[in-house]
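Notes follow the structure.
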Protein chains: 2
Amino acid sequence: MSQIRIRSKIWLEVDGQPFLGDGRYRLLSAVQRNGSINAAAKDLGISYRKAWSRLQAMEESSPFPLLERRVGGKNGGASQLTPEILDLMERFKTLRIQVNDEADRCFTACFPEGANRC
Amino acid sequence: MSQIRIRSKIWLEVDGQPFLGDGRYRLLSAVQRNGSINAAAKDLGISYRKAWSRLQAMEESSPFPLLERRVGGKNGGASQLTPEILDLMERFKTLRIQVNDEADRCFTACFPEGANRC
DNA sequence: AAATCGTTGTGCGAAATTTGCATAGCGATG
DNA sequence: CATCGCTATGCAAATTTCGCACAACGATTT
């Protein structure tokens, strides 16, 4: 008896290129929460290289700046998100929840009850 | 002025493992439509190796058989889908459309009109 | 003004994954 | 019993991902 579940996912595209999805949302959140790319990477358990590459790729296709970076200085540097991306993230979060809930509703309608036996 | 769009995607999981999404749906459809894995691969413009690998991976985690294969014989062989997977594909298709529509609705609500300038 | 410290930024090789070529096995048909 | 086109698979090449190691930076401290 196998358990069947639905998963859903949304993302925003800018000019046809993937721009903001769950992964990038989590990464950006971690940067804001921790105050630096480095701390965010440690928080998420990924290498700094990986976190930086992702942010780099994202920023290249972004119509507006994502990060305000500070290199050097007292604590070596820091990074924080721009208001533009914070606003977009907020809207994305709302969309994400709404679509996800709808997916669950449709699923239980389409697989009434014990659809989980096969 | 960058154009922002929403994209959505759903997939079904069996015991926590991805089972049926858009890619596999298209591949399975092509098999059914063309009557063989080989013809399906040509139809989709991918190698037979690739098509076969995907179906193999899918079948390994499937609670029921996906394909009825015939090796050898008049035309070398053939493959067609089992009733179980055809049924699941039908439901998936419905879900897919419903969730996608909902995503579009939420998007236009959340990004009222010219959200496409940044 | 020189040393320190923890960031950002990057080159490059290693590791993992994907891809497809090439070939074996199969069996109804003629 | 030879043929033909399909399924099935080993293996190497190509591509992508990954992370180590190190350079640059600048406010603070000494």
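Note that the structure is a prediction, hence the values are computed from the model and not measured. Per chain, numbering begins at 1; letters A, B, ... match sequence-line order.
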Practice prompt. Enumerate the residues from residues 29-59 of chain B whose closest heavy atom to DNA chain D is under 4.0 Å, giving them by residue number; use none for an empty result.
Written response: B/S36, B/I37, B/N38, B/Y48, B/R49, B/W52
Worksheet entry | Residues which pass side-chain hydrogen bond (donor to acceptor under 3.5 Å, both in side chains) with B/W52, listed by chain and number, not counting sequence neighbours | none
Discussion item. Can you give me the first and the last nucleotide of DNA chain D (5' to 3') that has an atom within less than 4.0 angstrom of a non-hydrogen atom in chain A?
Written reply: D/dC18 to D/dT28
Discussion item. Could you work out how much the helix from C/dA1-D/dT30 to C/dG30-D/dC1 bends, comparing the axis of its first five pairs with that of its last five, to 10°?
Written reply: 10°
Worksheet entry | Set of side chain to side chain contact (heavy atoms under 4.5 Å, CB included) partners for B/N75, sequence neighbours left out | none
Discussion item. Between A/F64 and B/I4, is there shared hydrophobic-cluster membership here, with clusters defined by ILVMFWY side-chain heavy atoms closer than 4.5 Å?
Written reply: yes
Worksheet entry | Side chain to side chain, B/L67 and B/R69, heavy atoms closer than 4.5 Å | yes
Worksheet item: How would you list all residue pairs meeting salt bridge (charged side-chain N to carboxylate O under 4.0 Å, His left out) that involve residues 17-37 of chain B, not counting sequence neighbours?
Response: B/D22-B/R96, B/R33-B/D43
Worksheet entry | Sequence neighbours excluded, every pair satisfying salt bridge (charged side-chain N to carboxylate O under 4.0 Å, His left out) that has a member inside residues 74-90 of chain A | A/D87-A/R91
Discussion item. Are the side chains of B/L20 and B/M58 in contact, using a 4.5 Å heavy-atom criterion?
Written reply: yes
Discussion item. Please determine whether a side-chain nitrogen of the Lys or Arg among B/E59 and B/R54 lies less than 4.0 Å from a carboxylate oxygen of the Asp or Glu.
Written reply: no
Discussion item. Does any part of the side chain of B/K9, heavy atoms only, come nearer than 4.5 Å to the side chain of A/S8, both counted from C-beta?
Written reply: no
Worksheet item: Taking any atom under 4.0 angstrom from a heavy atom of chain A, which nucleotides of DNA chain C are the first and last to qualify, 5' to 3'?
Response: C/dG6 to C/dC12
Worksheet item: Do A/L12 and A/L86 share a hydrophobic cluster (ILVMFWY, side-chain heavy atoms under 4.5 Å, transitive)?
Response: yes
Worksheet entry | Verify same cluster id: B/W11, A/I6 (apolar side-chain graph, 4.5 Å) | no
Worksheet item: In chain order, what residues pass the side-chain hydrogen bond (donor to acceptor under 3.5 Å, both in side chains) check against A/Q32, with sequence neighbours excluded?
Response: none
Discussion item. My understanding is that only residues two or more places apart in sequence, or in another chain, count here; which of them pass side chain to side chain contact (heavy atoms under 4.5 Å, CB included) with B/S53?
Written reply: B/R49
Item to complete: Go through residues 75-84 of chain B and report each residue with a non-hydrogen atom lying under 4.0 Å from DNA chain D, sorted by number.
Response: B/N75, B/G76, B/G77, B/S79
Fill in: CZ (A/R70) with more than 12 external heavy atoms under 6.0 Å
no
Worksheet item: With A/K93, which residues qualify under side-chain hydrogen bond (donor to acceptor under 3.5 Å, both in side chains), at least two apart?
Response: none
